[in-house]
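Before any comments, here is the structure.
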Amino acid sequence: MGLFSGMYSLRLVAVLMLLLMVANATAHELALPNSKPGCLRECGELDIPYPFGTRAGCYLNEDFLITCNTTHNPPTPFWGDSNIPVTNINMDGQLQIQTLVSKDCYNKTDRIDSIWNTTLWLAKTTISDAQNKFTVVGCDSYGYIRGKIGDKNYRGGCISSCGSKDDVMDGSCFGSGCCQIDIPKGLKEIAVEAYSFNGLQNVSQFNPCSYAFVIDDSQFNFSSSNLSIITERVPTVIHWAITGQGECEEARRNKTSYACKQNSECYETDANNSVRGYLCRCKDGYEGNPYLSCRDIDECENGNHLCSKHAKCTNIEGNYTCECIKGYNGEGRKDGDSCMLNQSSTVITKIVTGVGLSFVILLVFSSWLYFMFKKRRLVKLKEFFFQQNGGILLQQQLSKQSGSCDTAKIFSEKELKKATNNFDEKRIIGRGGYGTVYKGFLKDDKPVAIKKSKIVDKSQIEQFINELMTGKKVVSFARSEEERSLVNYFLFVLNEGCFFEILENGMVNDDNTEHIRKVAELARRCLRVKGVERPTMMEVAMELEGLRRMLNVEVDIE
Ligand SMILES: *[C@@H]1O[C@H](CO)[C@@H](O)[C@H](O)[C@H]1NC(C)=O
Ligand SMILES: *[C@@H]1O[C@H](CO)[C@@H](O)[C@H](O)[C@H]1NC(C)=O
Ligand SMILES: *[C@@H]1O[C@H](CO)[C@@H](O)[C@H](O)[C@H]1NC(C)=O
Ligand SMILES: *[C@@H]1O[C@H](CO)[C@@H](O)[C@H](O)[C@H]1NC(C)=O
Ligand SMILES: *[C@@H]1O[C@H](CO)[C@@H](O)[C@H](O)[C@H]1NC(C)=O
Ligand SMILES: *[C@@H]1O[C@H](CO)[C@@H](O)[C@H](O)[C@H]1NC(C)=O
Ligand SMILES: *[C@@H]1O[C@H](CO)[C@@H](O)[C@H](O)[C@H]1NC(C)=O
Ligand SMILES: *[C@@H]1O[C@H](CO)[C@@H](O)[C@H](O)[C@H]1NC(C)=O
Ligand SMILES: *[C@@H]1O[C@H](CO)[C@@H](O)[C@H](O)[C@H]1NC(C)=O
Ligand SMILES: *[C@@H]1O[C@H](CO)[C@@H](O)[C@H](O)[C@H]1NC(C)=O
C-alpha cells in the first residue's frame, strides 16, 4: 500500500514536472526577448531590458551599464559603477534610483550620526523635474539643494517647523513638519544638505533629525511618523535617452549607430527631459523591445480589437481588419459604423423563406387532400361493391327475418379475411360459377363456409344472393334439356334420388343431410302444379321454423 502510493505520487510529480517543462518551453517561445541573448535578464527584482545590460555586449554603450552585485542578498543592481541602487527601468526614458537622504541628528546635547551633506553626481543625465520634489522633514529644520543649471550655480531651500507632534497634519507638506519645493529644469551636480536651527532643542524626543532629500513625489505621503523615521534612501526618478547621436533625424542618418530597430520608430525626449537624445518605441500594432525588434500584435487573438459582434476580425501586418459577416454591412468597427443587418438581403431572405414555407405547406395540404380523396374513394368503392354484390339486398332480407333470433350476420371484409386466413388457397373447398367457397373459422373457432364473389354482373346479383345451394344458374341453355330449368332439374334429380349430387361441394355434411332432404321435400310440394296440392305459406313458414329449431339444437350456424 505504502509502496504503491509512493510510486503513484512519484509518477504524479513526474507528470507535473513534464507539464511545467512544456509550459515553460511554450512561454519562452512566445515571450519576446527583452534582453540580448546570453545576457542577464534580471538582477534581484529588477528586469534589465536592452539597451541596458550588465556587461559589454549586453548594453548599447557604457551609459547603460547596470552593475549587479551578487554578494548582496538578494542581488542588487547599481546605476553604472556608482553605489546608487536602481529599482525600476521604464522604456519611456525613466529610471528609478534610490538616493541617499541627508540628515542632521541630535540627542539632547550633541550632534550624532549625521550625514548632513549628500550629493547626486549624474554625469550624462538629469533628475526628472516633473516627478521629483526637494523635501525637508523636521520641526526645527531647514535644507538646501544646490547644483548647476547650465553654467549658472543654483541654490534653493525650504524651512520646516512645528511645536509638537500633534500639530503636524498627515498627508500635508506645507512647512509644518515638512516642506517641499519644485526642482528646476536641467539641474545637474546636485548636493542636498539638512540642518537644524537649534539642534532640535525641545523636539528631539519625537524628531531626532532634520531630513533633506529629492524624492519621486508619487511615492511620498508625509505622516507624523516620518518625523522620527525616514528610510536611508528614497526613490528618485532620473531620465535616460540615447545620447551622442543628436536627435531622431540626425541619428537616423547613421544606420550603424541608429538604435531603433525593425518595426519601431524614433521619438524625441520630451522638452522636460534636458538630456539631448532620442528614444525608440514599437509602431502602433507592434509589440516588443524597439531596440531589438518589434513584432506584429495579433489583435484578433488577444481580443484587443474593436471589431463589432457581427464582424470577422482578421489580423494583418501592424493592424487588423473588421469585415461584417454575411447579411450585415457597415464599417465593422465599434467606433465606426458597426455591422448592421443588411435590409435588402433580409427582405430577400424573408421572401425566399416565405415562398419556400408556402410551397411546403401547399405540398403537405395537397398530399393530405389526395390521400383523403383516395380513402373516400376506397370507402365509396367498398360501398359500391357491397351494393353491387347485393349487400343491401342481403341486409333487407336479413332485416325481414330480424324478428327471429340468430338468423344471419353480415361480416366485414376484415372478419372474413381473418376467418379464411386472407382467402388462403388451401382453404378453398369449392368453386362455383360466380364465386369460390372457402372454409373459415370464426373467432370462437366455429367453422363456416364463406363464398367470395368472382364476377360482378349486375343482372345476376340477385341470383348470386339467392343461388342459398347448387351453384348453378336458374335457367341455362348450356345444360341438357331436362336440366335446362333449375326447377325441372331439381324435380328430376329429386325423383331420380340423386339430389345430393347437384348440391354444391361443402353444402352437405353428416349433420344436415336430413334437414336438407326435408327442405327439398317441402320445396317439391311447393312446386306442385295444382294449387290445392301446394302447402299454404303459413304451413311452409311453420315447417321451416320447425326445421330451423331442430337445426339450432344440433348445430348453431353454418
Ligand atoms: C558588492 O558589495 C559588497 C558589499 O557591499 C562590496 O564589498 C563589493 O565590493 C561589491 N562588489 C562589486 C563588484 O561592486
Ligand atoms: C549624546 O551623545 C553623546 C555622544 O554619543 C553622549 O556622550 C551623550 O551622553 C548623549 N546624551 C544623551 C542625553 O543621551
Ligand atoms: C557638500 O558637498 C559638496 C560636494 O562635495 C560641496 O561642494 C559642498 O560645499 C558641501 N557643502 C557643505 C556645506 O559642506
Ligand atoms: C496620505 O496618507 C493619509 C493618511 O496617512 C491618507 O489619508 C491619504 O489618503 C494619503 N494620500 C495619498 C495620496 O496616498
Ligand atoms: C525650549 O524650551 C525652553 C523652555 O520652555 C525655552 O526657554 C527655549 O526657548 C526653547 N527653545 C527653542 C529653540 O524654542
Ligand atoms: C514616512 O512614514 C511612512 C509611515 O511610517 C513610511 O511608510 C514611509 O516610508 C516614510 N517615508 C519615508 C520617505 O521614509
Ligand atoms: C556611425 O556610427 C558608428 C558607430 O557609432 C561610427 O563609428 C561612425 O563613424 C558613424 N558614421 C557617421 C557617418 O557618423
Ligand atoms: C513637462 O513640464 C510641464 C511644465 O513644466 C508639465 O506640465 C508636464 O506635465 C511635463 N511633462 C511630463 C511628461 O512630465
Ligand atoms: C488600423 O486600421 C484602422 C482602420 O483602417 C485605422 O484607423 C488605424 O489607424 C490603423 N492603425 C494602425 C496602427 O495603422
Ligand atoms: C446587402 O445584401 C445584398 C444581397 O446579399 C447585396 O447585394 C448588397 O450589396 C448588400 N448591401 C450592402 C450595403 O452591403
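Whatever order the structure lists them in is the order used to number ligands and atoms, beginning at 1. Predicted model only: the values in this text are computed from it and were never measured. All values below were derived from every heavy atom in this structure, side-chain atoms included, with hydrogens, water molecules and symmetry-related copies excluded.
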Met169 atom CE, neighbour heavy-atom count above 12 within 6.0 Å: no
Pairs of donor and acceptor atoms involving the side chains of residues 368-379, under 3.5 Å and at least two apart or interchain, shall be tabulated with distances.
none

Sub-4.0 Å heavy-atom environment of ligand 6, residues by chain: Phe220, Ser223, Ser225, Asn226, Ile230, Thr231, Val234
Kindly write out the residues that satisfy salt bridge (charged side-chain N to carboxylate O under 4.0 Å, His left out) with Glu247, not counting sequence neighbours, or none if the list is empty. none
Is the shortest side-chain N to carboxylate O distance from Arg41 to Asp47 below 4.0 Å? no
Cationic tip of Arg155 within the cone over Tyr144's six-membered ring, i.e. under 6.0 Å and within 45° of the normal? yes
Test of understanding: with ring pair (Phe, Tyr, Trp, His ring centres under 6.0 Å), list the residues that count as partners of Phe197, not counting sequence neighbours. Tyr142
For Thr71, the atoms of ligand 1 under 4.0 Å from one of its heavy atoms are 1 (C), 2 (O), 3 (C)
Can you confirm, on distance only, whether ligand 1 has an N/O atom lying under 3.5 Å from any N/O atom belonging to Asn69? yes
Disulfide bond (SG atoms under 2.5 Å apart), that's the test. Do Cys280 and Cys266 meet it? Break it down for me. CA-CA 5 Å; Cys280 306; Cys266 177; 5.7 Å; no
